[in-house]
Amino acid sequence: MSSADIYREVILDYYRHPRNFGKLEKFDIDSHDSNPLCGDEIEMQVQVGSGQKMEEVKFTGKGCAISQASVSMLTELAKGKPLGWVKELSKEDVFKMLGNPDLGPSRVKCALLGMKVLKTGVYGYLGAQYEEKDEGELP
Amino acid sequence: MSSADIYREVILDYYRHPRNFGKLEKFDIDSHDSNPLCGDEIEMQVQVGSGQKMEEVKFTGKGCAISQASVSMLTELAKGKPLGWVKELSKEDVFKMLGNPDLGPSRVKCALLGMKVLKTGVYGYLGAQYEEKDEGELP
Amino acid sequence: MLKAEAFEVAKVREDFPILKRKVHGKRLVYLDNAATTQKPQLVVDALVDFYTRYNSNVHRSVHTLGEEATAAYEAARSKTAKFVGADPKGLVFVRGTTEATNLVRFAWGEKNVKKGDVLVATLMEHHSNIVPWQLLARSKGATLKYVGLNPDGTLDMGQLEDLLREAPRLVAVAHCSNVLGTINEVSAICAMAKKVGATTVVDGAQSVPHMPVDIGAVGADFYAFSGHKMLAPTGVGALAARKELLEEMDPFQSGGEMIKEVFEDHSTWNDVPYKFEAGTVNIADAIGLGTAVDYLSSIGMERVRKHEVALLDYALRALSEVKGVKIYGPPDPARRGGVVSFNYADVHPHDLATILDEEGVAIRSGHHCAQLLMRWLDVPATARASFHVYNSYDDVDALTAGLHKAGKLFRL
Amino acid sequence: MLKAEAFEVAKVREDFPILKRKVHGKRLVYLDNAATTQKPQLVVDALVDFYTRYNSNVHRSVHTLGEEATAAYEAARSKTAKFVGADPKGLVFVRGTTEATNLVRFAWGEKNVKKGDVLVATLMEHHSNIVPWQLLARSKGATLKYVGLNPDGTLDMGQLEDLLREAPRLVAVAHCSNVLGTINEVSAICAMAKKVGATTVVDGAQSVPHMPVDIGAVGADFYAFSGHKMLAPTGVGALAARKELLEEMDPFQSGGEMIKEVFEDHSTWNDVPYKFEAGTVNIADAIGLGTAVDYLSSIGMERVRKHEVALLDYALRALSEVKGVKIYGPPDPARRGGVVSFNYADVHPHDLATILDEEGVAIRSGHHCAQLLMRWLDVPATARASFHVYNSYDDVDALTAGLHKAGKLFRL
Ligand SMILES: Cc1ncc(COP(=O)(O)O)c(C=O)c1O
Ligand SMILES: Cc1ncc(COP(=O)(O)O)c(C=O)c1O
């Protein structure tokens with residue numbers, strides 16, 4: 001797959017006009033991580049409502065088109081879902097969400113940073129253990 | 001040159017029956033060094049008499065045939081000579097004394113350990129600087 | 001534009017087998033030399049020769065292989081020292097620049113830095129010339145302060161002078177920045193630092209590979225560089241210092257090789273530089289570094305530098321003609337090393353690197369281990385192209401063409 | 001005497017190009033494997049392949065070469081970890097055993113050892129498992145105590161038990177002695193040490209290359225070994241530890257690669273094991289270690305061990321038939337590694353090595369970085385022959401013949 005397939009119109013659109021970008025006034029989960037490879041940073045906030053549902057999800061961050069589009073799309077997907085949904089979320093889901101681009105191992109990290117931040121936050125909230133296996137192998 | 005030429009009768013004789021082996025009761029110079037390569041050790045003592053002559057020279061030590069024969073022969077050569085003689089002493093002199101064996105670079109260190117100890121002691125006594133150039137290049 | 005060559009690049013390229021490789025079906029255009037350089041056949045041959053003809057441990061060995069390996073290892077030390085104008089007895093083989101600065105931190109710093117001392121680094125330093133001093137400052141109760149930069153990416157010498165008035169214990173500065181390319185006036189800086197009694201650590205990771213360096217003339221107390229950035233194998237580099245300074249220092253790592261005698265309750269140390277080479281050293285790669293030095297000398301570092309300045313000049317012009325490209329660092333090629341950091345509109349450097357890779361063009365993207373500098377530049381990351389002897393004007397053209405493709409993909 | 005082979009040695013020898021070499025016109029008989037081993041063609045090829053096809057820096061790279069290099073480097077980590085039964089996330093690449101013990105000294109020891117603590121090592125340790133603890137003890141005001149040996153060269157377990165009653169903070173022990181060959185009961189020792197709350201450091205420099213090792217089963221907190229002693233290139237080795245233990249520790253060397261974020265006044269650390277791999281790592285040689293592990297696995301470590309026990313048995317018998325030879329260490333080949341230290345009448349080991357070298361036979365002579373053990377044996381030095389997969393019964397015969405020649409020269 002060529003980069004023309006990776007940088008489709010929709011990805012660039014989310015990169016330039018990220019949905020759910022910003023901070024929440026009230027939130028129950030606040031999670032942050034960065035990718036030491038490139039310095040990409042993401043902070044995500046979640047407001048948890050009744051039925052353990054994620055009522056509001058917002059993020060701020062900086063980084064490449066892949067990481068920023070990915071996290072923005074993810075907030076849209078997550079909004080309204082129960083916390084349990086995050087536990088089920090797999091990297092394949094993220095790839096599918098991005099249109100299954102053929103990313104090299106280092107760019108996989110970019111694509112999954114948002115998921116890592118969300119999982120870390122939700123798992124921490126639930127008192128559970130975040131499983132590194134969900135990530136790619138490389139730092 | 002083969003090892004048969006290195007381990008001549010005379011070398012073995014000095015190794016097994018070292019001349020000037022022992023300690024002096026009265027001495028003006030006491031010098032010690034070891035070869036980190038193999039742990040060979042030599043201590044040398046010199047009694048300085050009138051005219052800056054080395055009246056008595058003795059050594060103790062342990063090590064290979066080459067280092068022990070070499071230092072023993074050297075004490076014989078040194079005895080009675082003025083301290084200045086030590087400054088003139090070169091590694092070529094030591095090789096000649098040993099019958100010019102063809103030593104590899106690591107064994108050169110063995111052959112020269114006695115000279116190093118003597119020079120260090122005498123130079124220290126004279127307040128001069130011991131020049132490393134006299135030695136071989138390897139530790 | 002005149003494209004004069006300081007030497008015949010096409011011929012030099014033949015010495016580097018990897019350059020025949022295709023990436024995504026395209027010719028490999030390797031512009032990531034500040035991260036690590038490619039290796040000439042000669043260096044690879046030196047490794048093969050060692051491992052297939054005289055591989056042995058060194059220094060403690062009486063047999064023929066051991067004596068040959070020792071002679072080659074020590075010859076590599078002498079050659080490397082001569083190449084940079086250092087005393088072989090003051091040249092310690094280490095893994096690279098990072099191990100060199102850490103050696104200084106542990107073996108010099110722990111002994112000589114006291115509570116309340118000031119340490120000085122610059123905002124353009126690589127992390128390996130910052131983090132060791134941060135940790136040293138923390139462990140000793142000292143303070144690490146930074147020299148800032150002028151808008152053109154050169155050091156703010158006025159600020160340096162101010163900091164020197166605080167009589168710092170240490171001044172740590174790069175000879176050449178791995179991001180901006182800025183060549184710092186290290187001999188002036190070392191002289192100024194010396195006047196106030198500061199010890200100087202010069203990071204030569206980006207200078208030694210690319211230009212003539214005479215450490216004696218620089219006047220640094222410690223000078224560090226990496227082999228893998230100068231055509232040598234990975235795993236070897238050097239710290240150069242005056243023999244007497246090394247002698248006064250505590251050891252760093254300890255164990256075999258660096259001792260003279262070991263007793264139950266204490267040990268005595270081997271002579272320098274061996275005192276700082278604990279354990280079995282990286283014999284083959286040190287020999288490979290010696291061979292890389294031979295190779296570079298055969299071209300001549302003046303010519304290497306001239307070639308890179310020419311490429312740099314060409315690249316700076318070509319990139320500045322691409323709309324939306326912002327280049328960092330001093331504009332004058334004569335005042336900077338062969339490295340160009342830039343950003344292209346809102347295309348993130350990572351995305352740019354991915355797009356270029358598809359064209360066979362390898363550049364680096366990210367913070368380049370210089371996060372303080374990224375913050376000063378107020379960017380999260382930059383793209384970086386960097387040159388060495390085998391790069392050509394065609395390589396720069398491939399980079400520019402790749403940028404145009406990225407521009408199209410990103411609808412710029 | 002029956003000379004059964006665990007595998008076809010003649011075929012294995014063909015994998016090692018250096019064995020075709022002549023020394024002083026004689027066939028090279030390389031018996032200095034405890035110092036460093038020779039390398040199979042496969043390992044040399046892995047280096048050549050890296051440098052001529054995908055040489056690049058790792059981890060921070062988006063381009064194809066960088067991704068390939070990173071994948072190969074991390075695959076080497078996984079393979080190496082699997083080979084010794086360790087967690088890849090707990091396997092840090094270092095230069096060798098010495099850097100591994102020093103890492104423990106600085107990153108674990110400085111934080112965890114307190115004034116008045118007792119540290120325990122043994123009298124048979126290599127300097128690299130002694131001197132770091134001496135320096136740690138001195139810097140912290142702790143005391144380093146030694147477990148002595150039984151007359152047969154095994155550890156005095158009673159004395160160890162006595163020392164454990166003092167609740168030491170650290171117990172440092174070799175899995176296999178590089179002089180006596182003694183294989184220590186490390187899993188029992190680690191279990192005993194754990195009971196009293198001591199942290200264990202096992203030096204695996206002479207075990208991993210020669211026998212099946214399962215670090216999990218050993219139960220050591222830290223386990224160290226060197227690549228160059230197990231058919232891999234010089235300049236690489238590993239420290240294995242539990243991931244959680246590494247996470248609690250301070251960093252050792254600092255700079256690029258091991259950081260997560262750098263600010264002016266502090267930094268945060270990368271995940272383990274990267275937190276302990278500061279600066280550009282020795283990429284090519286780590287990949288070479290992975291290949292050496294593949295090669296050893298293809299023979300099988302059980303068979304390697306069986307082969308060495310057979311050679312050892314043969315050598316112990318042959319040497320004990322030479323009048324004037326004194327052999328050190330446990331007499332039972334099943335309880336020792338493939339290394340034979342000995343002395344021959346009043347022929348100094350150095351002189352012996354010189355005479356043997358003339359016959360093409362490479363042995364080691366000296367204190368073998370074990371001066372405490374030399375003092376315990378009450379000798380200034382020993383001669384040492386040590387084996388690996390490519391050694392044959394013929395090699396042992398060449399050694400014995402060389403001894404006879406030395407005997408003649410020394411008029412014994
Ligand atoms: C038992 C033992 N421990 C430690 C070492 C040190 O290993 P290295 O020199 O590779 O650091 C050696 C070999 O020299 C050894 O035999
Ligand atoms: C300016 C500068 N300093 C230090 C380093 C660190 O060198 P190494 O990673 O070889 O230790 C680098 C390269 O990474 C560099 O460019």
Side-chain angles (χ1 to χ4, degrees), chain B residues 1-18 21 32-43 59-73 94-95 98-114 116-117 136 138-139, chain D residues 23-26 32 35 98 126-128 130-131 178-179 324 341 343-384 401-412:
Chain B
M1 184 183 274
S2 80
S3 57
D5 301 304
I6 300 174
Y7 299 101
R8 288 170 303 130
E9 193 72 58
V10 54
I11 299 281
L12 293 179
D13 189 49
Y14 270 89
Y15 174 52
R16 292 196 168 120
H17 312 287
F21 190 89
H32 169 267
D33 206 351
S34 66
N35 181 344
L37 165 67
C38 52
D40 283 6
E41 283 180 53
I42 289 174
E43 179 172 359
F59 84 100
T60 53
K62 50 188 183 182
C64 62
I66 294 175
S67 75
Q68 302 302 303
S70 175
V71 64
S72 180
M73 289 173 157
V94 173
F95 296 150
L98 292 171
N100 281 321
D102 180 22
L103 299 167
S106 58
R107 304 313 304 281
V108 162
K109 286 268 165 188
C110 302
L112 298 181
L113 182 60
K116 187 179 178 191
V117 171
L138 306 172
Chain D
V23 167
H24 296 298
K26 308 275 163 63
D32 194 15
T98 304
H126 187 280
H127 293 158
S128 66
I130 291 177
V131 189
N178 67 319
V179 177
S341 287
N343 263 303
Y344 182 23
D346 72 344
V347 185
H348 190 281
H350 255 46
D351 298 315
L352 189 58
T354 294
I355 295 166
L356 286 171
D357 182 55
E358 215 173 68
E359 305 301 308
V361 180
I363 64 156
R364 183 130 305 229
S365 57
H367 55 60
H368 316 293
C369 297
Q371 292 186 356
L372 299 189
L373 180 57
M374 292 299 116
R375 249 168 253 134
W376 181 83
L377 290 171
D378 197 23
V379 294
T382 77
R384 181 183 75 182
L403 284 185
H404 286 299
K405 186 191 160 197
K408 244 184 235 143
L409 276 175
F410 267 69
R411 286 86 173 158
L412 291 176

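The sequence lines fix the lettering, A, B, ..., with proteins before strands; numbering per chain opens at 1.
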Note to self: Between B/Gln68, B/Arg16, B/Lys62, B/Glu41, who has the most heavy-atom pairs with chain D when the cutoff is under 4.5 Å?
What the structure shows: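 Most pairs with chain D among the choices: B/Arg16.
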Margin query: Rounded at 0.5 Å granularity, tell me how far OG in B/Ser3 sits from CG in D/Leu356.
Written below: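 Separation between the atoms: 9.0 Å.
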Checklist line | Per-residue contact mode, B/Glu9 against chain D (heavy atom under 4.5 angstrom) | finding: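 Its backbone and side chain both get close to chain D.
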Notebook entry, point to check: Considering only heavy atoms, which portion of B/Ile66 lies under 4.5 Å from any heavy atom of chain D: side chain, backbone, both, or neither?
Noted result: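 The answer is both parts of B/Ile66.
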Item checked: Partners meeting ring pair (Phe, Tyr, Trp, His ring centres under 6.0 Å) with B/Tyr7 (sequence neighbours left out) ->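 Ring pair (Phe, Tyr, Trp, His ring centres under 6.0 Å) list for B/Tyr7, sorted by chain: D/Phe410.
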Next item on the list: Heavy-atom pairs under 4.5 Å with chain B are the metric here; pick the option from D/Lys405, D/Arg411, D/Gln371 that has the most.
Entry: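 Among D/Lys405, D/Arg411, D/Gln371, the one with the most close pairs to chain B is D/Arg411.
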For residues 373-382 of chain D, dump all side-chain donor-acceptor pairs below 3.5 Å to protein atoms at least two apart in sequence or in another chain.
{"from": "D/Arg375", "atom 1": "NH1", "to": "C/Val262", "atom 2": "O", "distance (Å)": "2.8"}
{"from": "D/Arg375", "atom 1": "NH2", "to": "C/Val262", "atom 2": "O", "distance (Å)": "2.8"}
{"from": "D/Thr382", "atom 1": "OG1", "to": "D/His368", "atom 2": "NE2", "distance (Å)": "2.8"}

Next item on the list: Measure D/Lys408 against the heavy atoms of chain B and call it side chain, backbone, both or neither at under 4.5 Å.
Entry: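 Nothing of D/Lys408, per the 4.5 Å heavy-atom cut-off to chain B.
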Checklist line | Atom of D/His350, atom of B/Cys110 and distance for their closest heavy-atom approach | finding: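 Minimum heavy-atom contact is CD2-SG, 3.8 Å.
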Note to self: Please give me the minimum heavy-atom distance between D/Leu409 and B/Leu12, naming the atom from each residue.
What the structure shows: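 For D/Leu409 and B/Leu12, the tightest heavy-atom pair comes out as O-CD1, 3.3 Å.
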